[in-house]
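These notes concern the structure reproduced below.
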Protein chains: 2
Amino acid sequence: MTTIGDIAKLAGVAKSTVSRYLNDGSVSEATKRKIQHIIKETGYTPNAFAQSLKAKKTNIIGTIVPRLDSYASSRTLIGIDEELKTMNYQMLISHSNLDLEREIENIHSLVTQKVAGIILLATEITDRHISIIKEVDIPVLIVGQQHKEIHSLIHNDYEAAYEVGKYVMSQGHKRIAFLGANEKNVAIGIDRKEGFKKSIEEAVDIDVRFFETNRNTLDSVSIVYDIIDTFCPSIIVCATDNLAIETMKAVYSKGISIPNDLSITGFGGYEMAEMIHPGLTTAKFFYKDAGNLAARKMLSLIRGEDTPMKTVSGFEIIYRESVRKV
Amino acid sequence: MTTIGDIAKLAGVAKSTVSRYLNDGSVSEATKRKIQHIIKETGYTPNAFAQSLKAKKTNIIGTIVPRLDSYASSRTLIGIDEELKTMNYQMLISHSNLDLEREIENIHSLVTQKVAGIILLATEITDRHISIIKEVDIPVLIVGQQHKEIHSLIHNDYEAAYEVGKYVMSQGHKRIAFLGANEKNVAIGIDRKEGFKKSIEEAVDIDVRFFETNRNTLDSVSIVYDIIDTFCPSIIVCATDNLAIETMKAVYSKGISIPNDLSITGFGGYEMAEMIHPGLTTAKFFYKDAGNLAARKMLSLIRGEDTPMKTVSGFEIIYRESVRKV
DNA sequence: CTGAAAGCGCTTACAG
DNA sequence: CTGAAAGCGCTTACAG
């Protein structure tokens with residue numbers, strides 16, 4: 001292992017000069033070239049531990065992800081990683097397994113590891129989150145949820161749901177079931193529902209009913225059976241793509257055809273929404289782009305630049321075959 | 001930030017004693033209690049950089065993942081992380097984005113970061129992989145592929161494919177299409193095909209044809225149309241679940257019904273295979289368990305224990321509605 | 001622009 | 001069982 005001392009000796013300069021070359025760079029052109037050459041030759045890379053020990057900061061951004069096996073999370077992480085790399089930062093992932101307790105522990109342990117900042121892919125923001133985030137002295141950015149006291153990056157759940165609602169009505173649907181998710185997840189459980197509600201506000205002559213699951217996926221098919229038996233809608237608007245795909249399955253199992261007898265929509269724009277048959281009409285969010293954005297926002301937070309508390313990432317409605325015009 | 005020096009002062013002992021308490025622990029009961037108490041009170045956690053700088057090793061296991069947004073990868077990572085935590089190790093993920101060049105760079109950069117070992121979720125093992133893995137002086141474990149010169153953990157692709165083949169024939173299928181994946185991925189492209197071939201060796205009166213895509217998913221629907229038009233099988237055995245799901249879609253688009261007119265099977269046991277309609281018959285691999293196993297295997301490699309070069313993780317055939325008895 | 005020196009928070013022989 | 005001291009590989013005032 002070559003150290004900064006070896007480089008210095010080979011270049012005939014002091015360690016501090018090599019260090020300066022590596023950092024601020026107030027070094028003469030001649031020595032610069034000499035050092036550069038030697039570093040290339042030896043394949044020297046600075047010891048990150050020594051750097052961090054001395055500099056008391058790292059170029060590591062910690063991320064906390066509730067579920068590694070979720071399309072939205074993975075895509076967001078890919079976006080964060082991609083952007084961080086270009087800025088010479090590194091991403092460290094910690095997995096909370098949907099456990100809010102563990103999420104808080106993870107914040108602590110990332111702080112102990114002296115990460116430069118934390119990006120939390122959030123599901124639910126509790127008071128304990130708020131207080132620990134404020135108490136910690138590195139920037140924390142939440143993605144997917146918002147809170148007025150914390151920097152956040154959200155998807156435009158509200159607008160997306162509004163557009164979905166408008167589209168559904170434009171297709172002539174009058175008996176509409178909205179299958180929502182648990183309200184503890186504000187973005188998915190509440191914002192999507194409220195955006196949808198807004199869209200039907202001025203509609204006349206329609207019948208809308210709201211249903212809710214305990215999670216972002218189906219707890220049991222019985223809720224779908226219930227919706228069909230008691231309400232008999234022409235369309236079910238589901239709050240997530242996974243929910244929509246599971247609903248489709250439950251619908252089929254009753255011998256009902258999609259979209260001929262019943263239409264379905266989702267939210268998310270997961271890869272699967274396109275792969276299945278019929279293709280799922282959905283509001284697509286740009287998870288990877290949001291990840292890029294989050295990384296950039298984190299960097300400006302670290303640099304102490306003036307950064308808006310809330311950033312909103314876009315969406316696009318994808319029209320596929322799961323919705324029929326009535 | 002409290003340091004080991006603060007603890008020492010408060011406890012009235014030397015730093016080395018505190019350090020000893022933290023490590024080997026040859027400390028008297030009395031001082032042990034004293035130190036323990038102070039550590040608890042101050043919430044002291046050792047500075048990981050200083051530790052690593054001095055000890056020249058870390059308790060970090062680097063993982064290299066080709067795609068973060070793949071079910072198999074995510075579940076494996078969850079398994080690795082889970083197990084590593086119980087052994088007081090930490091997982092560091094680096095993403096290669098399916099780029100073999102980057103995979104090799106990642107190995108280098110993990111080594112630079114002094115990780116204790118590397119787990120590579122492999123897709124393709126090239127000669128350059130072999131040589132860099134041998135040249136590096138920390139243990140490297142590949143998961144998902146095998147190579148006789150490297151420690152590996154594989155899924156039982158061969159046996160699983162054999163069982164799938166046997167099952168398909170037990171259901172009376174005689175015109176069978178096998179839709180394989182790119183052979184560069186040996187586990188998926190070759191082992192699954194060979195296992196399947198083995199199962200049909202002694203079958204009489206059947207007609208089997210082999211097709212191949214360039215990736216693990218469908219490049220275009222035309223290959224499915226081709227299979228149907230030129231061969232007209234009663235079942236298509238697909239080398240991955242994603243391939244099977246996309247094939248189902250292509251099949252539907254021709255107005256063909258599954259499984260009435262055509263049966264489909266996959267490999268993987270992805271969450272989606274269950275969520276779609278009809279449910280996909282598939283060989284399920286235990287990705288999370290494999291991750292657990294990989295972590296344990298890595299630890300015994302680090303400890304220099306005697307470890308078999310190759311470990312094989314199990315599988316289970318899941319029977320769902322996508323296959324019909326003819 | 002450059003170098004000598006101190007120090008970041010630990011660990012590890014060594015001596016007692 | 002315990003402590004003093006050296007040193008891991010860097011960075012950063014300070015002085016020139």
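Just so you know, these numbers use all the heavy atoms, side chains as well, and skip hydrogens, waters and symmetry mates. Below, chains carry the letters A, B, ... as their sequence lines are ordered, and counting in each starts from 1.
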#### Entry: Chi angles and distances behind the salt bridge (charged side-chain N to carboxylate O under 4.0 Å, His left out) call for Arg102(B), Glu105(B)
CA-CA 5 Å; Arg102(B) 193 127 132 215; Glu105(B) 283 168 25; 5.6 Å; no

### Task
Test Leu92(B) against Gln90(A) for side-chain contact (heavy atoms from CB on, under 4.5 Å), laying out the working first.
CA-CA 10 Å; Leu92(B) 179 67; Gln90(A) 217 203 345; 4.1 Å; yes

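Between the P atom of dC8(C) and the CG atom of Asp6(B) lies a distance of 11 Å, rounded to the nearest Å.
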### Bracket notation of DNA chain D in which parentheses pair within the strand, [ ] cross earlier pairs, and | pairs with another strand (Watson-Crick or G-U, under 3.5 Å)
|||.||||||||.|||

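Relative ring orientation between His155(B) and Phe285(B) is described as tilted, the plane-to-plane angle lying within the 30° to 60° band. Aromatic ring pairs are classed by plane angle as parallel below 30°, tilted from 30° to 60° and perpendicular above 60°; the pair Phe49(B) and Phe49(A) is tilted.
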### Task
Would you give a per-nucleotide map of nucleotides 9-16 of chain C, 5' to 3', where B means the base has a protein non-hydrogen atom under 4.0 Å away, S means only the sugar-phosphate does, and - means neither?
BBBB----

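Looking at heavy-atom distances under 4.0 Å, Ser28(B) makes contact with sugar-phosphate atoms alone, never a base.
Between Thr17(B) and dT2(D) there is no side-chain N or O to OP1 or OP2 distance below 4.0 Å. At least one side-chain nitrogen or oxygen of Thr31(B) sits closer than 4.0 Å to the OP1 or OP2 atom of dT2(D).
Between Met298(B) and Ile80(B) the shortest side-chain heavy-atom distance does not fall below 4.5 Å.
Other residues, nucleotides and ligands contribute at most 12 non-hydrogen atoms within 6.0 Å of the NZ atom of Lys310(A).
Residue pairs satisfying the salt bridge (Lys or Arg N to Asp or Glu O under 4.0 Å) criterion with at least one member in residues 78-92 of chain A, sequence neighbours excluded, are listed as follows: Asp81(A)-Lys85(A), Glu82(A)-Lys288(A), Glu83(A)-Arg296(A).
Contact record, Leu22(A) with Tyr44(A): CD2-CE2, 3.9 Å, taken as the closest heavy-atom pair.
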